[in-house]
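To start, the structure itself, in structure tokens.
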Number of protein chains: 2
Amino acid sequence: MLDPVSRVRRFNRAVTSAVGALDTSFLGRGRPLGAARVLNAIGHGRSDVAEIRDYLGLDSGLMSRLLRSLEDEGMVETHAHDDDARRRVAKLTRAGRREFAAYEALSNAQAEGFLAHHSQREALLAAMDMIASALTRERVALAEMDPQCEEARYCLGEYYAELGRRFKQGFDVSLSRDPDAKDMRRPRGAFIVATSDTLPIGCVGLKGTDHGYAEIKRLWVAPAARGLRLGRRLMDAAEDTARGLGIALLRLDTNSALPEAGQLYRTTGWREIPRFNDDPYPDLFFEKRL
Amino acid sequence: MLDPVSRVRRFNRAVTSAVGALDTSFLGRGRPLGAARVLNAIGHGRSDVAEIRDYLGLDSGLMSRLLRSLEDEGMVETHAHDDDARRRVAKLTRAGRREFAAYEALSNAQAEGFLAHHSQREALLAAMDMIASALTRERVALAEMDPQCEEARYCLGEYYAELGRRFKQGFDVSLSRDPDAKDMRRPRGAFIVATSDTLPIGCVGLKGTDHGYAEIKRLWVAPAARGLRLGRRLMDAAEDTARGLGIALLRLDTNSALPEAGQLYRTTGWREIPRFNDDPYPDLFFEKRL
DNA sequence: GATATTATCTGACTAAGGTCAGCTAATGCT
DNA sequence: AGCATTAGCTGACCTTAGTCAGATAATATC
């Protein structure tokens, strides 16, 4: 009853019936689930027939028939691909977009229903984020992004908020040596964001300098994604990027109030060095030769 | 991307594919899912055909055929019920028990796989408990249990641990006026446990005294189940039980370090009264006339 | 004892999902 | 130009899940 495996299995049971309920509500629109899935895949922007087939794991014959039935219903139109007339591209008709919106409304309603009447929404959402991250761990994607894009700004905002909570004296970005966005763009540096199924869950910045080394900045992992060794993956990616840019020496600063960060650096080949800047927040300094 | 509904839907997507993976692994044993479910239901102790049918939501014709196919495979034997020869009782054969064990092993392996390589197991399990409780909120069952049964002891252990964390001075059961188990058994009192799909998630004790009133003791709600208004449900059940036992006056003590408890009492008809015992831990005392 | 109710089973039927071999037309390669 | 490959389509077929109307036998009710 109380061992970890039983708890996971209890969770599985609870979730299985919830998933079944959503499927049932989808059936309410009078269309088999297979066709509804295809329609939704197209609505979410997947247009290439092969891409949809791959995403939904369908046999090509079945896919073809489902697409045909949606065409007969007037929900979908297909055209030959511009570059390759063998390939087909599907798009929603006006009626199809209306139908897709109805499915979206159902999904949203069930999500809202789940949150409704729960007085600890934020805790519940954090739990869901954590589980979704754990379940899709092997599908976490790292990608270089502009340090001023929406995803990056979200990560940095969360990062600053967390420093504010964890530093006794709080954290004020304007007092810190805020890296210039242009120093974290190629070819001087880079900014890497980890996303799990559209949700940003971590980031790291590689900041170019004019002093013969680059700096690692803004390493952050969302609370929901801790325990997945994402920090290590981000650092590996940042170091690889640095190597690719021909950078031979990396430095970083951190604070002893973030022990898990120091621990990560120490176990991945970083060497503690004396203070190399006058930023008021850090009290620990590291260096790594690539 | 970051609004609550998107986060719930991301969770749904993650979980849907995980559930599908478990179903697929079940298919690996060469038996359709329907038959596998019946076999597992029997393995988990459901023997009455009608009970299984009801649990799995199957049509009686379908159920009959699935049971027949399991019999043909030699996994299951059915007999007429002792008291009513119309009813049938199913039990696993030796081969059926072996097959059931194989399914159990699959379920356990996938649960263990989920937990494996995750360095924050306890946080992950707590998140799963919370979500499972929220999903099965309307299926939380309150039942009177013996205050010394396994479920009750688990709840009390968690309750003491939580007091230890929340009281500045810690909590030592032996210093508190630990209610005698016999005072929380009928007809003097009762002990009520809330369970969600086998997991105990809350409790409350009704302790009989010889002073013309009964006391509410050991009200506890698991962290994973907070926000579901379970505390209120437990209190309602305890008060109903007290009424049923002919008790006209209830008292309780609590501590201002547990503000949510005080809040609950104040909004449900309890009236603050002066200290009525010499227990060192409580600093707030309430009374309610039924 | 007759009649109604029940628990389960059987046969007939349907929908949905899925597989597979072969077809057509476009494209890539030499 | 000729051949192989690729993307998608079609027809034939199968399994699973599910529904529904009786049939059968045991039990409950009057």
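All chains are named by letter (A, B, ...) in the order of the sequence lines, taking the proteins before the strands, and each is independently numbered beginning at 1. Excluded from the calculations below are hydrogen atoms, water molecules and symmetry mates; all remaining heavy atoms, backbone and side chain alike, are included.
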**Report entry** Per-nucleotide protein contact string for nucleotides 6-13 of chain C (B base, S sugar-phosphate only, - none; heavy atom under 4.0 Å)
**Finding:** BSSBBBB-
Report task. Nearest 0.5 Å please: distance from the CG atom of B:Leu125 over to the CE atom of A:Met130. Result -> 9.5 Å
What is the distance, rounded to the nearest whole Å, between atom [atom1] of [X] and atom [atom2] of [N]?
| X | N | atom1 | atom2 | answer |
| --- | --- | --- | --- | --- |
| A:Leu66 | D:dC9 | CG | P | 11 Å |
| B:Arg31 | D:dT16 | CZ | P | 12 Å |
| A:Leu58 | D:dG8 | CG | P | 13 Å |
| B:Asp23 | D:dA17 | CG | C1' | 14 Å |
| B:Leu27 | D:dT16 | CG | C1' | 10 Å |

Report task. Take A:Arg88 and A:Asp48 through the salt bridge (Lys or Arg N to Asp or Glu O under 4.0 Å) test and state the conclusion after the steps. Result -> CA-CA 6 Å; A:Arg88 308 232 89 202; A:Asp48 236 76; over 6 Å; no
Query raised in the report: Which comes earlier along DNA chain C counting from the 5' end, the contact point of A:Leu33 or that of A:His81, where each point is its nearest nucleotide?
Result: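 Upstream on the strand: A:Leu33.
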Query raised in the report: Taking the six-membered ring for Trp, are A:Phe100 and A:His44 parallel (under 30°), tilted (30 to 60°) or perpendicular (over 60°)?
Result: perpendicular
Query raised in the report: Do any N or O atoms from the side chain of B:Thr136 and from the backbone of B:Ser196 form a donor-acceptor pair under 3.5 angstrom?
Result: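 Checking the backbone N and O of B:Ser196 against the side chain of B:Thr136, no donor-acceptor pair under 3.5 Å is found.
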Query raised in the report: With no hydrogens and no angle check, is any side-chain donor or acceptor of A:Glu71 less than 3.5 Å from a backbone partner on A:Thr78?
Result: yes
Query raised in the report: Between B:Asp240 and B:Arg243, is the closest basic N to carboxylate O distance under 4.0 Å?
Result: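 Looking at B:Arg243 and B:Asp240, the cut-off is met.
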